[in-house]
Structure formats: C-alpha cells, structure tokens
Protein chains: 2
Amino acid sequence: MTLRYALLGLLTRKSQTGYELYQTFKQQLIYVWSSTHSQIYKELNLMEKHGLITYQWIYQEGSPNKKQYTISYEGEKKLAEWIVHEQNRPLKMKDQFLIKASSFSVISKSEAIQLLEEVKQREYDVYLQTKKWKEETFPNAPSHKKTGEYITAEFGIRYAKMYVDWCDWAMEVIKQADE
Amino acid sequence: MTLRYALLGLLTRKSQTGYELYQTFKQQLIYVWSSTHSQIYKELNLMEKHGLITYQWIYQEGSPNKKQYTISYEGEKKLAEWIVHEQNRPLKMKDQFLIKASSFSVISKSEAIQLLEEVKQREYDVYLQTKKWKEETFPNAPSHKKTGEYITAEFGIRYAKMYVDWCDWAMEVIKQADE
DNA sequence: CATCCCATGTAAAAAGTTACATGATTTG
DNA sequence: CAAATCATGTAACTTTTTACATGGGATG
C-alpha cells in the first residue's frame, strides 16, 4: 500500500503521467522508494478506480498519447490521514553490494578494492547529479508547500555522500589489514 | 538469489542456526538486507538440498532443538564466484517514513516535526546500539578475515548517524519555513 | 497472568520483477 | 543503423509478507 501513497504524494506536487512518476522514482527517489513502470501503471489504474485520482488523455503528434493524472479531493484527504495515522514501519534495504562487502574475507584484497572503486564511482555520480538538481531547483530554502521535496532531495545527497566517504574509508581499512 | 549468498556469507563466519541468522539480519544488517524468518528457513532447506550447506540437529533440554548449519566447500566456492562475477545491481530502498516526509506539505508543521522526532529517536537508538556492538567486537581494526563484518558494521553506524543529523536539519528547515 | 524468547516450519496472499508487446522520433 | 527516449500496458514468474501452528521457560 505504501506505493499508493508515494504516488499520491508525488501527484500533490503537480498533475503528471505514469511515465513521469516512474522517472521521479528512478532519479530523485532511489534512496527513498524503488518501483518499476509495470507496477506503477497497474497501481495508477487501481487508484483511478478507487476515486483517489482522475486522468485525462493528452493527445500528441509524433509521440505516443499520454494519461495525465490529477489527485482528487478524496485522494488528498486519504494521503494526509495516512501520513499522520499509519503506523511507522522500519525501513527495508536491499543492497546487493553490501552483501558482497560483508563477505570480503572470501575474496582477495585487490578484488575487494576493485569492487569498492566501482561502487564508489556509481554513488559519486548520484551525489553530483542530485546535488546539481537540488541547487538548481531550490536556490533558497523553500516554503512549507515544497518542504517535502526539498528535504528528501537533501536526504539523497547526504546518503550518497556518506556512501562515497565510507567506500574511501573501507578501501583504507582493507589496504592496511593483515592477511 | 541474493538472500542465498547473504546466508552463505554469514555462515563463513561461523556455523549457526536459522534463528541466529535471522537475529543477525534484524540487528546487524538492517541497512544492508532485510528478511523474515519464514523466508530464511525456506531458503536454508533449499540450500541444504543443493549441497551448499550441511546441518546437524542439536538436542536441547528445556529449549526447542535446533539445526546448526555449516557451509560446504561447494558453498564457499559458489559464494566467492558470485561476489566477483555477479553483476552489481543498484540498491533498493523501501523507507516508508521518507515517503511520508516527501509529502509533508499536506500536513501541518507541528505534525511533521513530531514524526521526525519519533524517527530520530528510532535511528539514534540503532546508532548507539551498533556503535557499542562494534566497539566491543572490534577494539582494533581486524585482519582481512574479519573485514567484511567490520566494514558493514561501520556502514550501519554511519547510516544511522547520517539519518539522525538529517532529522535535526529537517526539523530546523520546517520550523523556519514560511507557511 | 500476559507477553516475550527460543526454535522451526507451512500456507496463503500481496508485492515486486522480468519479459513481451507496440511504434514513432531522436541521438550517437 | 543500432540504441535510447517517450508512453502505456499485460502476463508469467519470483520474492516477500503475514498469519497460522506448536510449546516450554523466563520475565514483568
């Protein structure tokens, strides 16, 4: 059910298509919630049937037509209710690389360092990209209306930065460890 | 399949039961990989059938009997192979609270701050607990044999610390935001 | 006296992933 | 000329969650 509220939340920012919502998950919310386009399209159809959102077809020449979704009054009411009253659940992480890292003792030091180098690069790219987006989108701290977007962007930046720094630290630890 | 290798990795540290493995996921690996006991018991049974692990019953009086699993040579070989050659997948996060945070504009500033305060406390507890465990378990940087455990513990500490600091920052942002 | 801990499992339901499907336009 | 982007969807499959099941011992 959380996906439903994640989508409702994004639709309070502006009316948008399933495709755009998916892009936001991939680009701005990787450290918040992950989803796939097939899941999002399915959920949007259900949400529309439940009256939480409405849509209108936008006809385009050249590009495929698209469905622009708008949150309903009912949807906004349910969202606010959920945020305040739904019991908090612990986060769930699935980080394949950290599973590998937790077993670094079964591979060589040089192989471990190479894997860390690759992941560091990946996280550093995310860091730069998210930081750039946040600085362009919010040159100053925004009003309460945009706080949600602002603070989650900052979370992403801090997460990626923490990951990069940890990679550097871990490589040093491995280099200096006794065999 | 990643759960399988996560379990194999933990079994390289020492022979242990499904129950103990589940405790480790809950306590030491919350920011790495999450799983449930039902999934772990099922996977261990499959892994045993595939010859990746073996087990022996340990009979106990008073407490229920338990199955102690040990990684096989085959299992260790498959694990090392997987770590080096399995293609890296991007991490997948499911953080219900950050979904709520991303929609803070639909609730009041005071409600948002209360939610942040609760989550901050939760993360701070994890921070203290993980830090204590790491300092007790590794008074000094360990040899390569224990690097995996050491660096993932450090990751957990840094993650929880980052989360706590971000909560403080976010509360300030919300307090100072225009309505 | 209720709840938690230990310890293992099964079964049903929900959520999530991957592959298939279409097709014009743009980019390298 | 291959691949990526835009745009939506379905179907099969895998993974994950939740509930059910058992039962003694310890804790509050």
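Taking the six-membered ring for Trp, B:Tyr163 and B:Tyr124 have ring centres at least 6.0 Å apart. Not less than 6.0 angstrom separates the ring centroid of B:Tyr159 from the ring centroid of B:Trp166.
At least one donor-acceptor pair under 3.5 Å links the side chain of B:Gln16 to the backbone N or O of B:Leu10.
The nearest whole Å value for the distance from the CD atom in B:Gln39 to the P atom in C:dG9 is 15 Å. Following rounding to the nearest Å, A:Leu7 (CG) and D:dT8 (C1') show an atom-to-atom distance of 15 Å. Per the geometry, CH2 belonging to A:Trp33 stands 14 Å off P belonging to D:dT16, to the nearest Å. Separating the CG atom of A:Leu44 from the P atom of D:dA7 is a distance of 15 Å, rounded to the nearest angstrom. Between B:Gln96 atom CD and D:dT17 atom C1' the separation is 15 Å, expressed in whole Å. Atom CD1 in A:Ile40 sits roughly 14 Å away from atom P in C:dT18 (whole-Å rounding). Distance, B:Leu46 CG to C:dT8 C1': 15 Å, rounded to whole Å. Atom pair B:Lys94:NZ and C:dA14:P shows a separation of 17 Å (rounding to whole Å applied).
Counting atom types as modelled, B:Ser38 pairs a side-chain N or O with a base atom of D:dT18 as donor and acceptor under 3.5 Å.
OP1 or OP2 of C:dG9 has not a single side-chain nitrogen or oxygen of B:Tyr41 nearer than 4.0 Å. For the pair B:Gln60 and C:dC6, the criterion of a side-chain N or O lying under 4.0 Å from OP1 or OP2 is not met. Side-chain nitrogen and oxygen atoms of A:Lys67 include at least one within less than 4.0 Å of the OP1 or OP2 phosphate oxygen of D:dG9. Contact annotation: A:Tyr19 side-chain N/O to D:dT8 OP1/OP2 distance is not under 4.0 Å. A sub-4.0 Å separation between OP1 or OP2 of D:dT14 and a side-chain N or O of B:Arg4 is absent. Taking 4.0 angstrom as the limit, A:Lys42 places none of its side-chain polar atoms (N or O) nearer than this to OP1 or OP2 of D:dT8.
The residue among A:Asn45 and B:Leu3 whose nearest nucleotide of DNA chain D lies closer to the 5′ end is A:Asn45. A residue-by-residue look at A:Thr2 and B:Arg89 shows that A:Thr2 has its nearest nucleotide of DNA chain C further toward the 5' end.
Of all nucleotides listed (C:dA15, D:dT16, C:dG16), C:dA15 comes nearest to the side chain of A:Met1. Closest approach to the B:Thr36 side chain among D:dG9, C:dA7, D:dT18 is made by D:dT18 (side chain taken as heavy atoms from C-beta onward). Of all nucleotides listed (C:dT17, D:dC6, D:dT8), C:dT17 comes nearest to the side chain of B:Lys92.
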Applying salt bridge (Lys or Arg N to Asp or Glu O under 4.0 Å) to B:Lys78 and B:Glu74, what does each step give before you reach the verdict?
CA-CA 6 Å; B:Lys78 284 261 175 66; B:Glu74 185 67 14; 3.4 Å; yes
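Between B:Trp133 and B:Phe138, the angle of the ring planes goes over 60°, which puts this pair in the perpendicular group of the 30/60° scheme.
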